[in-house]
Amino acid sequence: MALIPFAWMRASAALLQPLRRLSATAWLREADVDLLLRALHPAWCLNRVLAQVEAREWVAEDMLALTLRCNGNARGWRAGQHVQLYWPHAGTRLSRSYSLTAVHGDGRIELAIKRQPGGRLSNQLLDHLPVGQVLELGQADGSLHWPASRDGVLLLAAGSGITPLLGLLRQALSEGFTAPITLLHYVRQRSQRAFSRELQRLMSQYPNLQVRWAISGDAAQADELSGRFQPAHLHALPGSSLLVCGPHGFVASVREQWAGEVQAEAFSLPPVEASASTAPLQLQFARSQLAVTGDSASSLLQQAEAHGLRPVHGCRQGICTRCTCTLLSGTVRDLRNGQLQHEPGQPIRICVSVPQGDVVVDL
Ligand code: FES
């Protein structure tokens with residue numbers, strides 16, 4: 001049993017500053033200090049972010065909202081950013097990136113997890129994560145921010161793309177944003193309208209907010225749009241600044257139709273082109289002293305893993321930067337935008353980099 005309450009973790013973070021300095025200058029080993037601190041409380045660490053689950057709430061048939069209380073190491077986090085969540089499972093460490101739907105001043109954060117067909121980590125958390133459990137998180141990352149526009153903001157989300165936008169929306173409303181806001185959320189079934197009760201309540205509380213839903217799998221009702229994204233949906237809605245979040249195909253279709261200011265975040269990668277070559281090529285992972293036969297049909301991260309390497313990574317979607325390595329020679333294509341990268345010494349995100357011929361990477 002912990003000797004000190006979890007709520008003290010945040011208050012005590014400043015007390016650890018001298019120890020952090022000693023560890024940064026190699027006078028102390030961080031792992032040794034953490035071992036000592038964790039004897040007093042499992043969430044007390046010098047730098048790692050540990051958080052205790054305080055509440056679980058189903059906000060849609062397939063989405064669970066979590067409230068977590070962080071130790072004092074979550075620094076400068078903002079709603080709308082994303083964090084990596086780690087979960088030990090069957091001798092491995094699963095991880096996935098989730099968006100922050102709220103960041104409170106008292107150290108609590110909120111995020112939401114959607115059930116994914118075959119999703120190893122998300123489904124584990126939905127079904128087996130109890131209140132009181134302590135989890136490890138990465139530092140928050142991401143640049144989505146509320147636009148300064150006074151002419152109105154348009155938010156377009158598909159599926160779990162609602163989560164970062166909800167975080168930004170909650171904060172903007174609480175800070176007194178008064179220009180018109182329209183949120184359009186695309187879901188397959190009506191039961192997947194995440195946070196719908198809260199959004200209805202926000203609409204009655206803030207007259208400048210309009211929320212609409214587009215349903216593709218059920219028959220749409222009078223106040224709903226029908227089907228997947230169509231350009232006509234966009235052109236019928238007010239707003240001069242657009243934020244769009246969802247799967248890659250959705251985000252790409254919306255961007256194509258919008259000429260104004262836009263911020264976009266895609267939660268999935270474009271598929272590797274069907275024309276991608278499976279012809280053999282040489283991959284060298286220099287630090288691992290491993291040379292293997294590869295192809296142009298999957299990412300360097302996938303191919304490294306297939307040959308037994310365990311590169312550091314997080315989101316696997318080109319967002320978190322944790323998998324960044326140096327390209328030593330050869331050419332890779334960035335799956336997010338199709339651009340070729342071939343400068344020796346250039347940093348590349350191996351989760352979204354597909355080799356285009358022989359490649360040597362500092363891994
Ligand atoms: S794993 Fe997140 S950018 Fe590659």
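Both ligands and their constituent atoms are indexed starting at 1 by order of listing. Values below: all heavy atoms of this structure, side chains included; hydrogens, waters and symmetry mates excluded.
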Next item on the list: Give me the protein N, O or S atoms that fall under 2.8 Å of atom 4 (Fe) of ligand 1, sorted by chain and residue number.
Entry: Cys323 SG, Cys351 SG
Margin query: Assess the residue pair Tyr186 and His233 against the criterion (ring-ring contact (aromatic ring centres under 6.0 Å, His included)); give the C-alpha distance rounded to whole Å, side-chain angles, the decisive distance to 0.1 Å, and a yes or no.
Written below: CA-CA 11 Å; Tyr186 289 82; His233 294 172; 5.7 Å; yes
Taking atom types as modelled, find out whether [X] and [Y] have a side-chain donor-acceptor pair closer than 3.5 angstrom.
| X | Y | value |
| --- | --- | --- |
| Glu261 | Ser241 | yes |
| Gln200 | Arg197 | no |
| Asp62 | Gln192 | yes |

Next item on the list: State plainly whether the residues Arg349 and Asp334 are in salt-bridge range, i.e. N to O under 4.0 Å.
Entry: no
Item checked: salt bridge (Lys or Arg N to Asp or Glu O under 4.0 Å) against Glu30, all qualifying residues, sequence neighbours excluded -> none
